[in-house]
2 protein chains.
Amino acid sequence: MARSNPPANSGPDAASSVPGATVARLPLYHQALVELGRDGETTVSSERLAELAGVNAAKVRKDLSYLGSYGTRGVGYDIDFLTKQVSRTLGLTADSAVVIVGFGNLGQALARYSGFAERGFPIAAIVDIDQSKVGSTIEDLPVQHLDDLPAIVAEHGIAVGVIATPLSAAQNAADALVAAGVQSILSFAPSNLDIPDSVPWRKVDLATELQILSFYQSRGGTLSHPA
Amino acid sequence: MARSNPPANSGPDAASSVPGATVARLPLYHQALVELGRDGETTVSSERLAELAGVNAAKVRKDLSYLGSYGTRGVGYDIDFLTKQVSRTLGLTADSAVVIVGFGNLGQALARYSGFAERGFPIAAIVDIDQSKVGSTIEDLPVQHLDDLPAIVAEHGIAVGVIATPLSAAQNAADALVAAGVQSILSFAPSNLDIPDSVPWRKVDLATELQILSFYQSRGGTLSHPA
DNA sequence: TAGATTGTTAATCGATTAACAATC
DNA sequence: TAGATTGTTAATCGATTAACAATC
């Protein structure tokens, strides 16, 4: 654990193990740092960063310590430098193209949503299994057929697949994305998926979020912001 | 901790403390149970439920034990009965009306998305602060003004506010929702919000999900499905 | 009875936090 | 030097899991 100033491992970092809970918070810090940078700030303390991220200061320091020793005692963290380190740790060094699978309600909604592109995840393609939907366009993007996924992924260098199909089609979509060679998958279907260990994936279920809130709401709201 | 068979507390349950990690998984079990019910199954083992939810069987039994002693040794869990218990614990006994704040890209997307209503959270109203947007309709719903929120919430008995504004307007939206009397808040803005402890809230940031995936992707994908 | 499966225990593991020495 | 703030330690807390007695 001995770590001197910046000697050997200031480069791509002594990678390996960042705890899962820390990884999940790095995007929070990243977001706060970007905002501070926009505001013209140059340094930030763990105290301030914690306030912006909605966590406690000890946690911020502990989390950041997994990336390296990038603060200055008595001063704080250099915002530009730390932003770069967090970006690098998260692998956000370049944009990652996204393909949306499923041109139903949710797929169309996501296609119109500009939030992905704004944060470095441009939507490069949309596919559906339904021939009657293929050929229509949305936001200048043509809807293509699921069968063409391997070619589409290769052509655009697509890294991420987003599953926006009905529940019944989600596993098939996952299989197609894996076969086409995407490197990770985000699913909006409320079911578990069978995906090889080599492809990290996550699930976002909007109704689940509301159901969790429902629990805390029904208990008089003693606990705020249950993470 | 002593809990005998079903004597005193089989009713609204010895409420109090269900661990946060368990609460976050109850919607997973709920979803799996609903699907099993649709398939005509009548009982399920912790093993099978675990498989469907993507967790391990010991965790399922431990989680369910916080709700009460609702299984039968040697047999498993009655699906109908357990579904009701999980619903009751989550406070899903009746539909909860939702208001969407922000009629931009994301707000319109959510308004078109039917997934909320299908899971018991019908969208009852949409508001925006921009007068030029007020009066348009989407999916038969009129866009109303943010200033009318208190009346709208009261009239429709709205329980949940969904923040779909730009980052810069999110805190103002939160303040308005709290003042209007919603009971919980789901925010899509990638920032921390200052909300009283009496109103539970959660944040869903789609780009954050992709950034977390980016980390695991860049590490060779050793870890699958990082929760 | 034999087989199956729960509910609970206890060990382990990982995450959180306060505190403080190091050091700018 | 005095004040501020990091990086790390160590204690605590909560979550996970295997194992198994209880019991259908």
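Order of the sequence lines sets the chain letters (A, B, ...), proteins ahead of strands, with each chain counted from 1.
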Quick one: A/Leu82 CG to D/dT5 P, roughly how many Å, whole number?
16 Å

When the axes are fitted on five pairs at both termini, how much does the helix from C/dG3-D/dC24 to C/dC24-D/dG3 curve, in 10° steps?
10°

Under 4.5 Å between any side-chain heavy atoms of B/Leu82 and B/Tyr29, yes or no?
no

For B/Tyr66 and C/dT6, what is the distance between atoms OH and P respectively, to the nearest whole Å?
17 Å

Taking the side chain as every heavy atom from C-beta outward, state whether A/Thr208 and A/Lys203 have any pair of such atoms under 4.5 Å apart.
no

Is the shortest side-chain N to carboxylate O distance from B/Arg38 to B/Glu35 below 4.0 Å?
no

Phosphate OP1/OP2 of D/dA4: any A/Arg61 side-chain N/O under 4.0 Å
no

Presence of donor-acceptor pair under 3.5 Å, side chain of B/Arg73 and base of C/dT6:
yes

What integer distance in Å separates A/Asn56:CG from C/dA19:C1'?
12 Å

Checking contacts here: which listed nucleotide (C/dG7, C/dC24, D/dT8) is nearest the side-chain heavy atoms of A/Thr72?
C/dC24

Do B/Val55 and B/Arg25 have side chains that get closer than 4.5 Å, going by heavy atoms?
yes

Rounded distance (Å) that lies between atom P of C/dT5 and atom CG of B/Asp78
15 Å

Over how many whole Å does the gap from B/Lys62 atom NZ to C/dA11 atom P extend?
14 Å

Answer yes or no: does a side-chain N or O of B/Ser69 lie under 4.0 Å from OP1 or OP2 of C/dG7?
yes

Which residues in residues 30-43 of chain B have a heavy atom closer than 4.0 Å to any atom of DNA chain C?
none

Can you measure B/Leu64 atom CG to C/dG7 atom C1' for me and round it to whole angstrom units?
11 Å

Using modelled atom types and a 3.5 Å cut-off, is there a donor and acceptor pairing between side-chain atoms of A/Gln171 and backbone atoms of A/Asp194?
yes

Check whether any side-chain N or O of A/Arg48 sits under 4.0 Å from OP1 or OP2 of D/dT6, and answer yes or no.
no

Please report the distance, rounded to the nearest Å, between CD in A/Glu47 and C1' in D/dG3.
15 Å

A/Tyr77 side chain N/O closer than 4.0 Å to the phosphate oxygens (OP1, OP2) of D/dA4?
no

Think B/Ser46 has a side-chain N or O under 4.0 angstrom from the OP1 or OP2 of C/dT6?
yes

5'-most contact on DNA chain C (nearest-nucleotide basis), A/Gly74 vs A/Ala58, goes to A/Ala58

Short side-chain to backbone donor-acceptor contact, B/Asn56 and B/Ala58, under 3.5 Å:
yes

Any heavy-atom pair between the side chains of B/Thr72 and B/Thr43 that's under 4.5 Å?
no

Exam field: side chain A/Thr89 to backbone A/Gln85, donor-acceptor pair closer than 3.5 Å
yes

Test item: B/Glu209 and B/Leu213 side chains (from C-beta on) under 4.5 Å apart, heavy atoms
no

Rounded to whole Å, NZ of A/Lys59 lies from C1' of D/dA10 at a distance of 18 Å

Base, sugar-phosphate, or nothing: which does B/Ala21 touch, judged by heavy atoms less than 4.0 Å apart?
sugar-phosphate

Quick one: does B/Thr83's side chain get under 4.5 Å of B/Tyr77's, heavy atoms only?
no

